[in-house]
Amino acid sequence: KVTASFTAGLDLKGNSLENVSKILSANGTWSIDENGKLVVQDLEVKGKAKFGTPENPQGITIYDKITGEPVCVESENKTLILKEGECASP
C-alpha cells in the first residue's frame with residue numbers, strides 16, 4: 001500500500017494512471033472498480049448518455065416507487081417495454 005499526501009492537486013501532465021484496482025472518493029459517495037463498475041450518489045450527464053450498442057442493446061433497471069421491485073425498461077421497435085425483474089447482464 002502506498003500513501004501520499006498532497007496540499008494541491010495531482011497533475012499527471014497528460015500521462016495515464018495505470019494498473020489501478022479501484023478509485024474511491026474521500027467521502028464514500030462514488031467509486032469505480034477495475035471492471036469499470038461506477039457507483040455514484042447522483043449522476044448528471046451534460047452530454048449524451050448511451051446504454052448498450054446496436055450489436056449489444058441493453059435495458060435499464062429501475063425500481064418501482066410503491067413495491068420497490070426492479071423493472072427492466074427496454075426498447076423494441078421504438079416502443080418501451082417493461083419487464084419484471086432486473087435487466088439481464090450482457
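Everything numeric in this text was worked out from a predicted model, so none of it was measured.
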Problem set entry | Residue pairs involving residues 63-76 (criterion salt bridge (Lys or Arg N to Asp or Glu O under 4.0 Å); sequence neighbours excluded) | E74-K83, E76-K83
Less than 3.5 Å apart, which donor and acceptor atoms pair up between the side chains of residues 12-21 and the rest of the protein, not counting sequence neighbours?
from: N15; atom 1: ND2; to: L12; atom 2: O; distance (Å): 2.9

For residues 26-43, tabulate all N or O donor-acceptor pairs below 3.5 Å that involve a side-chain atom, not counting sequence neighbours.
from: N27; atom 1: OD1; to: S25; atom 2: OG; distance (Å): 3.2
from: N27; atom 1: OD1; to: T29; atom 2: N; distance (Å): 3.2
from: N27; atom 1: OD1; to: T29; atom 2: OG1; distance (Å): 2.9
from: D33; atom 1: OD1; to: N35; atom 2: N; distance (Å): 2.9
from: D33; atom 1: OD1; to: G36; atom 2: N; distance (Å): 3.1
from: D33; atom 1: OD1; to: K37; atom 2: N; distance (Å): 2.9

Seminar exercise, completed: Sorted by chain and number, sequence neighbours left out, side-chain contact (heavy atoms from CB on, under 4.5 Å) with P57 holds for none
Exercise. Can you pull the disulfide (SG to SG under 2.5 Å) pairs that have at least one residue in residues 13-85, sequence neighbours excluded?
Worked result: C72-C87
Exercise. Apart from L80 itself, what residues make up its hydrophobic cluster when side-chain heavy atoms of I, L, V, M, F, W and Y under 4.5 Å apart count as a link, directly or indirectly?
Worked result: F51, I60, I62, V71, V73, L82
For this session: List for me each residue that meets side-chain contact (heavy atoms from CB on, under 4.5 Å) alongside T79, sequence neighbours excluded, and say none if there are none.
Result: I81
Exercise. Going by the disulfide (SG to SG under 2.5 Å) test, which pairs reach into residues 38-68, not counting sequence neighbours?
Worked result: none
